[in-house]
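Along the sequence shown, residues carry numbers from 1. What you see is a predicted model; the values in this text were computed from it and never measured.
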Amino acid sequence: MADDLGFSDVGCFGSEIETPNIDALGLSGIRFSQMYNCARCCPSRASLMTGLYPHQVGIGHMVHDSNINSKAYQGYLRSDRPTIAEVLKDFGGYKTLMVGKWHVGGEYPPNNPEHWKEHAGDDTHPTPFQRGFQEHYGTLGGAGSFYDPPSLVHNDKIIVKTPDDYYYTDNINDEACRMIREAAGGNDIDKDRNKCQPFFLYVAHLAPHWPLHAPSDVIAKYRGRYSDGWDKLREKRYASLREQGIIKDEWKCSPRDENSLPWEEATNKDWEDAKMATYAAQIDIMDRGIGRVIQALKECDIFEDTMIIFLSDNGGCAEFLKEDGGEDSWTEEYATKSSDGTQTIVGNDPSRLPGDRSTFMSYGLPWANASNSPFRLFKSWVHEGGISTPFLLHWPNGTKSDLIGTIHNKPWLMNDIVATIFEVAGVTYPSKYKGVKTPSLEGQSFLRVLSDARTKRNKPIFWEHQGNKAVRDGKWKLVNRHGGNWELFDMEKDRTELHDLAPTKKRRVKQMIAMWEAWAKRCDVHAWPLHPIAKGEKDWVHFPWLW
């Protein structure tokens, strides 16, 4: 799973970024054009880890306690909701492995190693090692330097210092390769792979989430490619998506976001090119590592028998890291010193170029608008730009031959991945866990898609994050941007959400609002904001481009 990767950020989903390994998986597997995530890093991960909706497992908002006396908003995975790792290990006999970002177990301030040491593994900070993964190498928190990632652990051991040549994305992929080789019995070609314990490996990348960190030689490869700007990039990606058959010709590209600006009016164009080049480099490096993971599977002679899934946790991210945030700004938590003594300077300062360990920047709203082509809005919102993921499934020996290389265009949600994996593993989701009754699995298996392209989800899909609300029921999607009106779209004719049908289909709107409200009550979704906004203040969660 990639982090903050937009819908059109890999080649087999319209991108110019070089991702040959991801593309090869997609073109020799099945691409899903309408797979959805849960709009934000930790809610998506909570759903992916459990097969339930985020609110049902304790991540109704983020990984801090929202202080509203609700388990839905406690900020860490509930202990009475089994994870996919616990179910596969305890009921399926699987070896369970994880590398990368956790972000479903409480807060880990990036500038406070003593906090990590004190709280990692306590009741409000459960770790992967405690929640069913027999080995984990990665970070417990949400973000940080790629050169010195905060809250880095191996199982229950905290790693505070890293080598001077350390780069997180490479280490995630290298550790994944090691785990694969160990799980498959090494490189012994005479070993009977059918007698090896089956394994589940969750590879959770931080890339291409901010900060914009990448080696200079890879950045140089992309410098100049974005000098035409974000408007031209959106046009090119829109054309590529149509050419590949990912989107329909009749779906018009959404207009440039209202908070963006024409490229012609942009200042510091070379700096803007450098930002997007660094973002592209992060994805390029991730893809190279995925290539090494594929090679490890091939060397162990298990590639054809292994189901590989690739997706993103949410849409491209419009968050801006101000260069003048001040000492009280939350972004200053990332103003740490690297292991080699380099001071990290936080902020999108046009006088400095992104990439090295002394910087801490984001690519900003206009480029995120391009990442999410052709859709509206961004990470955190539940219009298509926030929740649409480039999703592919590759399983040569489990896929009907005439479906290899096809595009599946029915809507699914990421909690369906869990139900699918359980069906593949022959595991039944427990009705009780640790003596407590569990809610029914919300996800629905899409395993039949691999043999029958007509397979579709027969349940509605629901979202809520920070007051942004939506429900998808067949071809209809009802969506509400917090503070606005409900909008209704026919997704077969208008997936880019440009023609609101709510004024003319009031009965349909009323029915779907009732569906959403019943779901919200069942999942303990609370009205937003969770606490009153001070008079004269903004609800800053809805203005990330001003952070």
Is the [X]-[Y] ring centre distance short of 6.0 angstrom?
{"X": "Phe303", "Y": "His394", "answer": "yes"}
{"X": "Trp412", "Y": "Phe446", "answer": "yes"}
{"X": "Phe310", "Y": "Phe391", "answer": "no"}
{"X": "Trp463", "Y": "Tyr36", "answer": "yes"}
{"X": "Trp528", "Y": "His61", "answer": "yes"}
{"X": "Trp547", "Y": "Phe320", "answer": "no"}
{"X": "Tyr147", "Y": "Tyr166", "answer": "no"}
{"X": "Trp210", "Y": "Tyr334", "answer": "yes"}

Would you call [X]-[Y] a salt bridge at under 4.0 Å N-O?
{"X": "Glu487", "Y": "Lys477", "answer": "no"}
{"X": "Lys269", "Y": "Glu272", "answer": "no"}
{"X": "Glu384", "Y": "Arg376", "answer": "no"}
{"X": "Asp217", "Y": "Lys221", "answer": "no"}
{"X": "Arg223", "Y": "Asp270", "answer": "yes"}
{"X": "Glu250", "Y": "Arg495", "answer": "no"}
{"X": "Asp170", "Y": "Arg292", "answer": "yes"}

CA sep, side-chain torsions, deciding dist, call: Val203, His205, side-chain contact (heavy atoms from CB on, under 4.5 Å): CA-CA 6 Å; Val203 181; His205 277 283; 3.9 Å; yes

Do other residues, nucleotides or ligands put more than 12 heavy atoms under 6.0 Å from [X] [atom1]?
{"X": "Lys475", "atom1": "NZ", "answer": "yes"}
{"X": "Lys493", "atom1": "NZ", "answer": "no"}
{"X": "Arg448", "atom1": "CZ", "answer": "no"}
{"X": "Lys505", "atom1": "NZ", "answer": "no"}

Mutual orientation of the aromatic rings belonging to Phe146 and Tyr167 [parallel < 30°, tilted 30-60°, perpendicular > 60°]: parallel

Parallel, tilted or perpendicular, as decided by the 30° and 60° cut-offs, for the rings of Phe543 and Trp540: perpendicular

Testing the basics here: between [X] and [Y], what is the closest heavy-atom pair and its distance to 0.1 Å?
{"X": "Ile22", "Y": "Leu392", "result": "O-CD2, 3.6 Å"}
{"X": "Asp356", "Y": "Ser358", "result": "OD1-OG, 2.5 Å"}
{"X": "Ile461", "Y": "Tyr53", "result": "CA-OH, 3.7 Å"}
{"X": "Ala370", "Y": "Arg237", "result": "O-NH1, 3.6 Å"}

Side-chain heavy-atom pair Ile180, Leu297 within 4.5 angstrom cut-off: yes

Non-hydrogen side-chain atoms of Val449 and Phe32 separated by less than 4.5 Å: yes

Glu464: which of Lys469, His55, His482 passes side-chain hydrogen bond (donor to acceptor under 3.5 Å, both in side chains): His55

Test item: Arg472 side-chain N/O and Gly474 main-chain N/O as donor-acceptor pair under 3.5 Å: yes

Side-chain donor or acceptor of Arg45 paired with backbone N/O of Leu48 under 3.5 Å: no

Arg40 charged N/C atom sitting above Phe378 aromatic ring, 6.0 Å / 45°: no

